[in-house]
Amino acid sequence: MTTFTTFSDLKTLNIPLILGVTADRDGNLQVPTFPALADFARAAGVTGKAGEAQRSPSPHDFASPYVVFVGLGDLKNHSFPAEALRAAAGAGARLAEASELALSFPTSDTTAAVAVAEGALLGGYHFDKYLTKKKPLLKQIMLPAENFPAAESLNRVEILGKAIFDIRDLVNASPSALYPETLAKWMEKAARGLPVKVKIWDWEALKTEGFGGIVAVGRGSKRKPVLVKMTYEPENPRAQVALVGKGITFDSGGYSLKPSNSMATMKSDMTGAATMGNAVIAAAKLGLPVKVTAWLACAENMVSGGATRVDDVIIMKDGTSVEVTNTDAEGRLVLADGIAMAVGEKPDLIVDMATLTGAQIVALGSRMAGVMGSAKDDYFEAAKRSGEMAWPCPLPEHLADDLKSDIADLRNSGTKREGGMPLAGLFLKHFTKGARWAHVDIAGPGFNKGSAWGYTPKGGTGYGLRTLIDLIERL
């Protein structure tokens, strides 16, 4: 548990300091909250460029053991200054690796101060479950008394931070330990003591009740699939939202087997389910006046004598027949069954989230999600407010011709290389039955394969949780 407190005299603190540094378009360097340190920072090689984080011995008249200077760039001309502050605070906390931190940034209002608090909290995360040598846990974040966030704002930061940490932990876990059943049990345990109901469909129930997509994907593994329904329903909710998450706890590709280097991070293919489940938990902790239901479609996509074959025809939960032409296009099959269940409850909005296509990364890179569907603009606006990168993508109907099958209602993958991201969206659209819906492909931003940056660590990122909560809050 991390606490937030204030400080009055920066010089007397004997804990690491994180100081924001700005640089205008002409390269002029400033330490806005401590102008006297501008020359010291310059001498240490600090440029103030956004994304920069540099650790330095503290000035001789400071009690702190060291200072971390973090670049903010030109805040006056930044499109999203709150996100610049959030990212810089996160970068500083990552570099400091301390149990206590004090941050001094140019925060002109409480919104900016909240961004700094949030960034520092998220940046202080590290996953060391399997390491013998542990890093210190960040237990205290100190901020200036001026513009110190209200208790309600900090409570929200802590709730969302805990949810993001839990997503990251789940995504980073060894796939031999985290599989459909254990993921379901984790959600059950996390919901205890909260106004959240949990229902789980096991292997027999999935077969009996006709969840053809989930059964087809999960039947090849000895660790069988599950469907988890999590429901938070406050008294007199003003709206109802359904969240559908892809929960492939490990994806070998099935008989359309992935090469080894592409299989290496496939423990992360359950990121959508981890995010949607934790969104329900966060909504309940925040007491949001909206009914939130999550459908977590969980399976392990493995190869065996009982696995689904290429050319198999399966019958989905809504009765649609699907010719399986690629067993590695499995995420859309489990999502489709989850969407069918969500549609049946007639929510005001459906959002599905999945690490779905490599085409998303090719199109938009590793930090930006692709958003499709009739409610894509709603998600896009929420993402902008939250500082999480997303881009709305159209669903051109002509692409759907490539999903036509000679022997079934649909095929689960196309025959062409182009348009892979929207093609998957068009497949899912069939199962929405015209409901207001957004499909969020997080193949890139859900799992960071590269170096840490800002408040984003390597591995599971927790991307999307803050945007979902913002979206739900405004329904």
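Numbers here are sequence positions counted from 1. Worth knowing before you read on, the calculation uses all heavy atoms, side chains too, and leaves out hydrogens, waters and symmetry mates.
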K.L.:
Has Glu181 got a side-chain atom pairing as donor or acceptor with Val226's backbone, closer than 3.5 angstrom?
P.N.:
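No, the answer is negative, given that no donor and acceptor are paired below the 3.5 Å cut-off.
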
K.L.:
Ignoring hydrogens and geometry beyond distance, is a side-chain donor-acceptor pair present between Thr320 and Asp409 at under 3.5 Å?
P.N.:
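Note: Thr320 and Asp409 side chains miss the donor-acceptor criterion.
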
K.L.:
Applying side chain to side chain contact (heavy atoms under 4.5 Å, CB included), name anything that partners Ala408, two or more places apart in sequence or on another chain.
P.N.:
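In terms of side chain to side chain contact (heavy atoms under 4.5 Å, CB included), with neighbours along the sequence ignored, Ala408 is linked to Val313, Ser321, Glu323, Ser405.
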
K.L.:
Tyr179: what forms a ring pair (Phe, Tyr, Trp, His ring centres under 6.0 Å) with it, not counting sequence neighbours?
P.N.:
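Partners of Tyr179 under the ring pair (Phe, Tyr, Trp, His ring centres under 6.0 Å) test: none.
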
K.L.:
Could you tell me if the side chain of Met270 sits less than 4.5 Å from the side chain of Val171, heavy atoms only?
P.N.:
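Val171 reaches Met270 side chain to side chain.
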
K.L.:
Is the backbone N or O of Lys458 less than 3.5 Å from a side-chain atom of Ser451, with the two atoms forming a donor-acceptor pair by type?
P.N.:
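Between the backbone of Lys458 and the side chain of Ser451 there is no qualifying donor-acceptor contact (under 3.5 Å).
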
K.L.:
Checking Leu364 against Trp391 for the side chain to side chain contact (heavy atoms under 4.5 Å, CB included) test, could you report, in this order, the C-alpha distance in whole Å, the side-chain angles of both residues, the deciding distance, and whether it holds?
P.N.:
CA-CA 8 Å; Leu364 298 173; Trp391 194 254; 4.2 Å; yes

K.L.:
Between NZ of Lys449 and CZ of Phe447, what distance do you get to the nearest 0.5 Å?
P.N.:
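Output value for this atom pair is 8.0 Å.
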
K.L.:
Does the Ser221 side chain pair with the main chain of Gly218, one donor and one acceptor, at a distance under 3.5 Å?
P.N.:
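No: the side chain of Ser221 does not pair with the backbone of Gly218.
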
K.L.:
Can you list the residues that meet the side-chain hydrogen bond (donor to acceptor under 3.5 Å, both in side chains) rule with Arg367, with sequence neighbours excluded?
P.N.:
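Partners of Arg367 by the side-chain hydrogen bond (donor to acceptor under 3.5 Å, both in side chains) criterion come out as none, since no residue qualifies.
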
K.L.:
For the CG atom of Asp318 and the NE2 atom of His430, what is their distance to the nearest 0.5 Å?
P.N.:
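Going from the CG atom of Asp318 to the NE2 atom of His430 covers 5.0 Å.
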
K.L.:
Identify all side-chain donor-acceptor contacts of residues 339-355 below 3.5 Å with residues at least two apart in sequence or on another chain.
P.N.:
{"residue": "Glu345", "atom": "OE2", "partner": "Lys229", "partner atom": "NZ", "Å": "2.6"}
{"residue": "Asp348", "atom": "OD2", "partner": "Gln240", "partner atom": "N", "Å": "2.7"}
{"residue": "Asp352", "atom": "OD1", "partner": "His439", "partner atom": "ND1", "Å": "2.6"}
{"residue": "Asp352", "atom": "OD2", "partner": "Trp437", "partner atom": "NE1", "Å": "2.8"}
{"residue": "Asp352", "atom": "OD2", "partner": "His439", "partner atom": "ND1", "Å": "3.4"}
{"residue": "Thr355", "atom": "OG1", "partner": "Asp269", "partner atom": "OD1", "Å": "2.5"}

K.L.:
Does the Asp337 side chain pair with the main chain of Ile214, one donor and one acceptor, at a distance under 3.5 Å?
P.N.:
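Such a contact is found between Asp337 side chain and Ile214 backbone.
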
K.L.:
Would you say Asn147's side chain and Ala113's backbone share a donor-acceptor pair under 3.5 angstrom?
P.N.:
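Checking the backbone N and O of Ala113 against the side chain of Asn147, no donor-acceptor pair under 3.5 Å is found.
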
K.L.:
Going from CG on Leu143 to CG on Leu103, what distance comes out if it is rounded to the nearest 0.5 angstrom?
P.N.:
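Between atom CG of Leu143 and atom CG of Leu103 there are 6.0 Å.
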
K.L.:
Salt-bridge test for Glu300 and Arg219: reply yes if a basic N is under 4.0 Å from a carboxylate O, no otherwise.
P.N.:
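Result for this pair is no, no salt bridge flagged.
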
K.L.:
Are Arg168 and Pro457 packed together at the side-chain level, in the sense that at least one heavy-atom pair is separated by less than 4.5 angstrom?
P.N.:
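Sidechains of Pro457 and Arg168: in contact.
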
K.L.:
What side-chain donor-acceptor pairs closer than 3.5 Å can you find for residues 282-295, not counting sequence neighbours?
P.N.:
none

K.L.:
Whether the Glu83 and Tyr455 side chains hold a donor-acceptor pair (N or O, under 3.5 Å, no angle test) is what I'd like checked.
P.N.:
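There is such a pair between these side chains.
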
K.L.:
Distance check, rounded to the nearest 0.5 Å: Arg94 atom CZ versus Ile18 atom CD1?
P.N.:
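The CZ atom of Arg94 sits 10.5 Å away from the CD1 atom of Ile18.
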
K.L.:
Give the table of side-chain donor-acceptor pairs shorter than 3.5 Å for residues 252-259, with sequence neighbours excluded, one pair per line with atom names and distance.
P.N.:
{"residue": "Ser252", "atom": "OG", "partner": "Gly254", "partner atom": "N", "Å": "3.1"}
{"residue": "Ser252", "atom": "OG", "partner": "Asn301", "partner atom": "O", "Å": "2.7"}
{"residue": "Tyr255", "atom": "OH", "partner": "Ser304", "partner atom": "O", "Å": "2.7"}
{"residue": "Ser256", "atom": "OG", "partner": "Asn326", "partner atom": "OD1", "Å": "3.2"}
{"residue": "Ser256", "atom": "OG", "partner": "Thr327", "partner atom": "N", "Å": "3.1"}
{"residue": "Ser256", "atom": "OG", "partner": "Thr327", "partner atom": "OG1", "Å": "3.2"}
{"residue": "Lys258", "atom": "NZ", "partner": "Asp328", "partner atom": "OD1", "Å": "3.2"}
{"residue": "Lys258", "atom": "NZ", "partner": "Asp328", "partner atom": "OD2", "Å": "3.0"}

K.L.:
Would the distance check show the side chain of Asn172 and the main-chain N or O of Gly460 forming a donor-acceptor pair, the cut-off being under 3.5 Å?
P.N.:
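Yes; at least one donor-acceptor contact below 3.5 Å.
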
K.L.:
My understanding is that only one of Ile314, Val310, Asp311, Val217 makes a side-chain contact (heavy atoms from CB on, under 4.5 Å) with Val324; could you say which?
P.N.:
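Among Ile314, Val310, Asp311, Val217, the one that satisfies the side-chain contact (heavy atoms from CB on, under 4.5 Å) with Val324 is Ile314.
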
K.L.:
How many angstroms lie between atom CG of Leu170 and atom CZ of Phe127, to the nearest 0.5 angstrom?
P.N.:
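Between Leu170 CG and Phe127 CZ, I get 9.0 Å after rounding to 0.5 Å.
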
K.L.:
For Ser386 and Ala383, indicate whether the former's side chain and the latter's backbone hold a donor-acceptor pair under 3.5 Å.
P.N.:
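No, Ser386 side chain to Ala383 backbone: no donor-acceptor pair under 3.5 Å.
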
K.L.:
Is it true that Asp470 and Arg474 make a salt bridge, defined as a side-chain N closer than 4.0 Å to a carboxylate O?
P.N.:
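Yes, Asp470 and Arg474 are salt-bridged.
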
K.L.:
Examine distances only and state if a side-chain atom of Thr2 and a backbone atom of Leu138 form a donor-acceptor pair shorter than 3.5 Å.
P.N.:
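Yes; at least one donor-acceptor contact below 3.5 Å.
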
K.L.:
According to salt bridge (charged side-chain N to carboxylate O under 4.0 Å, His left out), who are the partners of Arg436, at least two apart in sequence or on a separate chain?
P.N.:
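Expected list: Asp378.
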
K.L.:
Can you tell me how far the OH atom of Tyr463 sits from the OG1 atom of Thr271, to the nearest 0.5 Å?
P.N.:
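Between Tyr463 OH and Thr271 OG1, I get 12.5 Å after rounding to 0.5 Å.
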
K.L.:
Applying ring pair (Phe, Tyr, Trp, His ring centres under 6.0 Å), can you list everything that pairs with Tyr125, at least two apart in sequence or on another chain?
P.N.:
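Testing Tyr125 for ring pair (Phe, Tyr, Trp, His ring centres under 6.0 Å), a comparison that skips the adjacent residues, returns Phe165.
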
K.L.:
Going by distance alone, is a donor N or O of one side chain under 3.5 Å from an acceptor N or O of the other, for Asn412 and Thr325?
P.N.:
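Asn412 vs Thr325: donor-acceptor pair found between side chains.
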
K.L.:
Please walk me through it: do Phe4 and Asn155 pass side chain to side chain contact (heavy atoms under 4.5 Å, CB included)?
P.N.:
CA-CA 10 Å; Phe4 294 92; Asn155 180 60; over 6 Å; no

K.L.:
Enumerate the salt bridge (charged side-chain N to carboxylate O under 4.0 Å, His left out) contacts for residues 207-216, please, sequence neighbours excluded, ordered by first and then second residue.
P.N.:
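Salt bridge (charged side-chain N to carboxylate O under 4.0 Å, His left out) check on residues 207-216 returns Glu204-Lys207.
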
K.L.:
With Lys404, which residues qualify under side-chain hydrogen bond (donor to acceptor under 3.5 Å, both in side chains), at least two apart?
P.N.:
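Once residues adjacent in sequence are excluded, the partners of Lys404 under the side-chain hydrogen bond (donor to acceptor under 3.5 Å, both in side chains) criterion are Asp401.
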
K.L.:
Please check if the number of heavy atoms outside Lys224 that lie under 6.0 Å from its NZ is greater than 12.
P.N.:
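Above 12, so yes.
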
K.L.:
Please confirm whether Lys267 makes a cation-pi placement over Phe250, using NZ or CZ under 6.0 Å from the six-membered ring centre and within 45° of the ring normal.
P.N.:
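Judged by the rule (NZ or CZ under 6.0 Å from the ring centre, within 45° of its axis), Lys267 is not positioned above Phe250.
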
K.L.:
Identify, with sequence neighbours excluded, every residue that meets salt bridge (charged side-chain N to carboxylate O under 4.0 Å, His left out) alongside Lys139.
P.N.:
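Partners of Lys139 by the salt bridge (charged side-chain N to carboxylate O under 4.0 Å, His left out) criterion come out as none, since no residue qualifies.
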
K.L.:
Any side-chain heavy atom of Ser153 sitting closer than 4.5 Å to one from Glu118?
P.N.:
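The answer is no, as the side chains (C-beta and beyond) never meet within the 4.5 Å cut-off.
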
K.L.:
Just do the side chain to side chain contact (heavy atoms under 4.5 Å, CB included) check on Val196 and Val280 with the steps written out, would you?
P.N.:
CA-CA 8 Å; Val196 176; Val280 174; 4.0 Å; yes

K.L.:
May I ask you to say whether Lys246 pairs ionically with Glu330, meaning some side-chain N is under 4.0 Å from a carboxylate O?
P.N.:
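Looking at Glu330 together with Lys246, the answer is yes, because their closest N to O distance falls below 4.0 Å.
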
K.L.:
Residues two or more places apart in sequence or in another chain: which of them pass salt bridge (charged side-chain N to carboxylate O under 4.0 Å, His left out) with Glu418?
P.N.:
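Partners of Glu418 under the salt bridge (charged side-chain N to carboxylate O under 4.0 Å, His left out) test: none.
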
K.L.:
Between Lys162 and Glu158 (salt bridge meaning N to carboxylate O under 4.0 Å), is one present in this structure?
P.N.:
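Salt bridge flag = no for Glu158 with Lys162.
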
K.L.:
Within a radius of less than 6.0 Å around CH2 of Trp186, do more than 12 heavy atoms belonging to other residues, nucleotides or ligands occur?
P.N.:
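Atom CH2 in Trp186 is packed in, count exceeds 12.
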
K.L.:
Looking just at side-chain N and O atoms, do Thr461 and Thr456 make a donor-acceptor pair shorter than 3.5 Å?
P.N.:
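Note: Thr461 and Thr456 side chains miss the donor-acceptor criterion.
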
K.L.:
A side-chain contact here means heavy atoms from C-beta on lying under 4.5 Å apart; do Trp203 and Pro225 qualify?
P.N.:
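Yes, at least one pair of side-chain atoms sits under 4.5 Å.
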
K.L.:
Applying salt bridge (charged side-chain N to carboxylate O under 4.0 Å, His left out) to Asp406 and Arg411, what does each step give before you reach the verdict?
P.N.:
CA-CA 9 Å; Asp406 294 332; Arg411 49 188 290 154; over 6 Å; no

K.L.:
Is any NZ, NE, NH1 or NH2 atom of the basic residue among Arg156 and Glu473 found under 4.0 Å from an Asp or Glu carboxylate oxygen of the other?
P.N.:
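Yes, this pair counts.
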
